[in-house]
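Bear in mind the structure is a predicted one, so any value in this text is a computation, not a measurement. Letters go in sequence order (proteins before strands), and every chain restarts at 1.
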There are 2 protein chains.
Amino acid sequence: MELVRATNRSVRLRNRSALLSRIFLDGPLTRQDLVRGTGLSQPAVSNVVGDLIDEGLVMEAGAAESDGGRPSMMLRIVPRYAVVVGVDVGETRVRVELFDLAMTLLASVEYPLEDGGTEPATVAGHVLAGLDRVLADAKADRSEVLGVGIGVSGVVEQGTHAVVDAQTLGWDRVPLQRLIAEGTDLPLHIDNGAKTLGQAEMWFGAGRGARHAVFALVGSGVGAAVVTNGVTYRGASSSAGEWGHTTLVYGGRPCRCGARGCLEAYVGAEAIIDRYREARRGRAVPGEDEESQLAALVAAADRSETARRVLDETADYLGAGVANLINLFNPERVVLGGWAAMALADLLPAVREAAGRQALRLPYAQASIELGQLGVDAVALGAATLPIARLLATGGTRP
Amino acid sequence: MELVRATNRSVRLRNRSALLSRIFLDGPLTRQDLVRGTGLSQPAVSNVVGDLIDEGLVMEAGAAESDGGRPSMMLRIVPRYAVVVGVDVGETRVRVELFDLAMTLLASVEYPLEDGGTEPATVAGHVLAGLDRVLADAKADRSEVLGVGIGVSGVVEQGTHAVVDAQTLGWDRVPLQRLIAEGTDLPLHIDNGAKTLGQAEMWFGAGRGARHAVFALVGSGVGAAVVTNGVTYRGASSSAGEWGHTTLVYGGRPCRCGARGCLEAYVGAEAIIDRYREARRGRAVPGEDEESQLAALVAAADRSETARRVLDETADYLGAGVANLINLFNPERVVLGGWAAMALADLLPAVREAAGRQALRLPYAQASIELGQLGVDAVALGAATLPIARLLATGGTRP
DNA sequence: ACGGCTTAATTAATGTCGTCATTAAAATGG
DNA sequence: CCATTTTAATGACGACATTAATTAAGCCGT
């Protein structure tokens, strides 16, 4: 159904992209590995790799072990071919990180968002300030920057300029890309935070090797990223994967989105704590912020029947939500991430079991349900992969 | 992320596929239309089209209107280049239809499935008998058949040989493809009935022109087909889209799948009738079969408050289910099909409204919710498109 | 230490294919 | 009937991958 013309040049472009991607994602590799991995002929691989080396994207790095015969050279991405910036615009802070192409963290800086300090202009200012700051800290020049990726906890509508809806920040159709573009002309890539986290887990974490995976992000809010055939699923306007606001309990608890019975109204951190408080007949849950309150709930489970029950119910709800993802998307792997999911890691067996009760047998049997490997702060890392994904897709045709 | 090599031949293959697809889906078209539509140069189009004509896939059919200048020739698929068979294995019957490539119905035959007559071997027998029958009726030869597409109301696991799980037929891991392949060596394509219906609506009905669409099929059971970027979304083992068994009312009505609160347990025809009977305090709903019972419910809505309420609730549940699809898949279009949805066509405005209440604003605003255009019997038509989809994808490289 | 063997990488020859520029074909209209 | 216009077909050219043949660079045993 792809109605796009192919020309001889596109052959080279595609092969460049395939080889560069493999070297980046699975490298270091030898030319022979590439021959076997792609099905291209030796001369074709050598030819393209030669170009990549000439252009400074790829380097030879030592010889591989050999037991007889000329040893092959290892090929890897040149880490300092460019640097990339990853930004995590969360509900409580803006975090800016600088990486090289080996994904080594070169510098990072964080700006807390005080209550009410979530004005779009403020956030854009933090991003621009952070950009300057990490570049200065790492003694990197602006011209080295391949691009800036930004993960936002909200619905991001792609277009000429990305527009953000984020209830938790109080944002309504905020033209974030335009705001930031006023302060820099670096290439910007803005995406939903769950999607960038999914991208990070896909490349470097629990998603490695899967072609179809769903990344469920449970924090204060709840979201998901769906990867199909190795590509993040976006839908018509890039807002696919809004799992948190699917109806799980028809007519149930009111959700901050305005509807009732959303999954987020049951398994989002805020909702869990609310449910715990209600189970305690209104007594406040100890702790200053949601994270410590949730930790208090988990800690109380050993001695408190009430806490135990709230957690069990949480696992049931979460399992049912995961079952819905399995039924609809038929993934090989479901990866649970986000800080609340990490805090509730002990519930994993119960979640698996609950999902098994609600999902259809066949797709359930083919999906594994796991925890994310990259921890909580993978949103910025994933955001930083956005410019790299573009580099790989275009085969590194920058000029 | 596509790690498949490209070679010069693949350029031709791809362009053939693109041109052939356009001629089939949007034809008849002139060479100039193709030039404009694909971006290929005139000679390239002429060259490929020349091959297609030589091979008998495409024919020139009259000249286009012209006001000055040499008139261009219309190009269309040769309808009798091949014939295709579409089979609908439903819960109550097996229907076999024969089409030419213009999708003209050449012959059809139907075998009812009496109670208990749903043995896999029986069904396979019906398919093979139907195949012989339609070929004989249309005086077509076996060698003309491009392939046989089969839509089954159950979960179809693709592999070397497709395996079917169908609760309503009492099938558990039935190797349907192997059973049928024993009786014929024609190429077989087996898929879920909702997916084939979606394919039919996508090519010839309410899905035309959309890149991202969800087809919701409401009959006795409930299913969905998701099309992303013009391609049916299958997931890891082709069982994606099992919308009917997603949890909508946590802990709610028991579903025949064994779980509780599934969407199907509320808006499947059987469930609607059950709910109506319960609302009537157990009095049976008039009518011999589900179709007439549902019709009775719809007819009673004018005078019966109870019937009205059951229908209103149905619209609410269905709307919530549609909202979940919108939130998760972010489609441009949601198409409601299946016989029950058609019977409930008057509920469409109420469904739209209910979906609006439960879905997020942004994705809801971008999705239109419509009825299918092809009626109830599009499953076989869609199944017949499966071999054609293969023909188009390979550019018609059969030998 | 030196020839034989193996594996890696490059070079040369061949063929596919789309593009650009040009030419031939086929209508309309004054 | 010829100028004009638009469509289709040719031919020279260049981009690329492929196969086959070389060259490069290491092991191993005597």
Side-chain angles (χ1 to χ4, degrees), chain A residues 2-20 23 28-55 58-76 395 397, chain B residues 2-20 22-23 28-55 58-76 395-397:
Chain A
E2 279 298 312
L3 302 181
V4 179
R5 72 173 183 159
T7 157
N8 279 329
R9 272 229 169 69
S10 51
V11 171
R12 181 53 150 264
L13 216 67
R14 176 150 166 191
N15 287 335
R16 267 183 75 118
S17 170
L19 293 173
L20 191 61
I23 295 173
L29 292 170
T30 68
R31 289 177 178 79
Q32 299 307 312
D33 293 334
L34 293 172
V35 166
R36 285 184 288 270
T38 61
L40 280 165
S41 66
Q42 266 195 12
V45 169
S46 281
N47 193 349
V48 172
V49 167
D51 282 1
L52 293 173
I53 291 176
D54 289 348
E55 293 167 32
V58 168
M59 60 192 274
E60 293 189 330
E65 285 292 295
S66 152
D67 41 24
R70 172 174 173 177
S72 34
M73 298 300 285
M74 303 302 291
L75 300 167
R76 56 162 44 107
T397 319
Chain B
E2 279 299 312
L3 302 181
V4 179
R5 72 174 182 160
T7 156
N8 276 330
R9 271 230 172 69
S10 53
V11 171
R12 180 53 151 266
L13 216 67
R14 178 152 164 187
N15 286 337
R16 264 183 78 117
S17 171
L19 293 174
L20 191 62
R22 266 202 109 86
I23 295 174
L29 292 171
T30 68
R31 290 178 177 75
Q32 299 306 313
D33 292 334
L34 293 171
V35 166
R36 284 183 288 270
T38 61
L40 280 166
S41 66
Q42 267 192 13
V45 170
S46 281
N47 193 347
V48 173
V49 166
D51 282 1
L52 293 173
I53 291 176
D54 289 347
E55 293 166 30
V58 168
M59 60 193 272
E60 293 190 327
E65 286 292 296
S66 150
D67 39 26
R70 173 175 172 175
S72 36
M73 298 300 286
M74 303 303 291
L75 300 167
R76 56 162 45 107
T397 319

*Asks:* With distance as the sole test, does T7(A) use its side chain to make a donor-acceptor pair with the main-chain N or O of S10(A) at under 3.5 Å?
*Replies:*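 No.
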*Asks:* Find the distance between CZ (R14(A)) and CZ (R5(B)) and round it off to the nearest 0.5 Å.
*Replies:*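 One gets 11.0 Å once the value is rounded to the nearest 0.5 Å.
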*Asks:* Could you measure the distance from the CZ atom of R12(B) to the CG atom of N8(A)? Nearest 0.5 Å is fine.
*Replies:*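 Between atom CZ of R12(B) and atom CG of N8(A) there are 11.0 Å.
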*Asks:* Which sits closer to the 5' end of DNA chain C, R16(B) or Q32(A), going by the nucleotide each is nearest to?
*Replies:*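 Counting from the 5' end, the first nearest nucleotide belongs to Q32(A).
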*Asks:* In whole angstrom, give the distance that lies between atom CZ of R31(B) and atom P of dT10(D).
*Replies:*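 The answer, rounded to whole Å, is 11 Å.
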*Asks:* As an exercise, state the distance from OG1 of T30(A) to CZ of R36(A), rounded to the nearest 0.5 Å.
*Replies:*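 Here the rounded value is 5.5 Å.
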*Asks:* Over all heavy atoms of both residues, which pair between R31(B) and I53(B) is shortest? Give the atoms and the distance, please.
*Replies:*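 In terms of heavy atoms, the two residues are closest at NH2-CD1, 3.9 Å.
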*Asks:* Which letter, B, S or -, goes with each nucleotide of nucleotides 16-24 of chain D from 5' to 3', with contact meaning a protein heavy atom under 4.0 Å?
*Replies:* BSBBB---B
*Asks:* Quick check: closest heavy atoms across G396(B) and E55(B), and the distance to 0.1 Å?
*Replies:*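 So the two residues come closest at O-OE1, 4.3 Å.
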*Asks:* With rounding to the nearest 0.5 angstrom, report the CG to CG distance, L19(B) to L29(B).
*Replies:*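 L19(B) CG to L29(B) CG: 10.0 Å, rounded to 0.5 Å.
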*Asks:* Taking the side chain from N47(A) and the backbone from A44(A), do they hold a donor-acceptor pair closer than 3.5 Å?
*Replies:*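 Checked: no pair found.
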*Asks:* Could you spell out the base pairing of DNA chain D as a dot-bracket line? Use Watson-Crick and G-U wobble contacts where both distances are under 3.5 Å, [ ] for crossing pairs, | for partners on a different strand.
*Replies:* ||||||||||||||||||||||||||||||
*Asks:* Atom CD of E60(A) to atom P of dA8(C): distance rounded to whole Å?
*Replies:*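 It works out to 14 Å between those atoms.
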*Asks:* What nitrogen or oxygen pairs link the protein and nucleotides 1-3 of chain C at under 3.5 Å?
*Replies:*
none

*Asks:* Identify the two heavy atoms, one from P28(A) and one from M74(A), that lie closest to each other, and give their separation to 0.1 Å.
*Replies:*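 For P28(A) versus M74(A), the nearest heavy atoms are O-CE, 3.5 Å.
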*Asks:* How many whole angstroms separate atom CG of D33(B) from atom C1' of dA8(D)?
*Replies:*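 Taking atom C1' of dA8(D) as the reference, CG of D33(B) is at 14 Å.
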*Asks:* As a test of understanding, state which of L40(A), L75(A), V48(A) forms a side-chain contact (heavy atoms from CB on, under 4.5 Å) with L34(A).
*Replies:*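 Result: among L40(A), L75(A), V48(A), L75(A) is the only option passing the side-chain contact (heavy atoms from CB on, under 4.5 Å) with L34(A).
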*Asks:* Shortest non-hydrogen contact from R76(A) to A61(A)?
*Replies:*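 Answer, listing the atom of R76(A) first, then A61(A): NH1-CB, 3.2 Å.
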*Asks:* Specify the separation, in whole Å, of atom CE of M73(B) and atom C1' of dT6(D).
*Replies:*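 After rounding, the reported distance stands at 15 Å.
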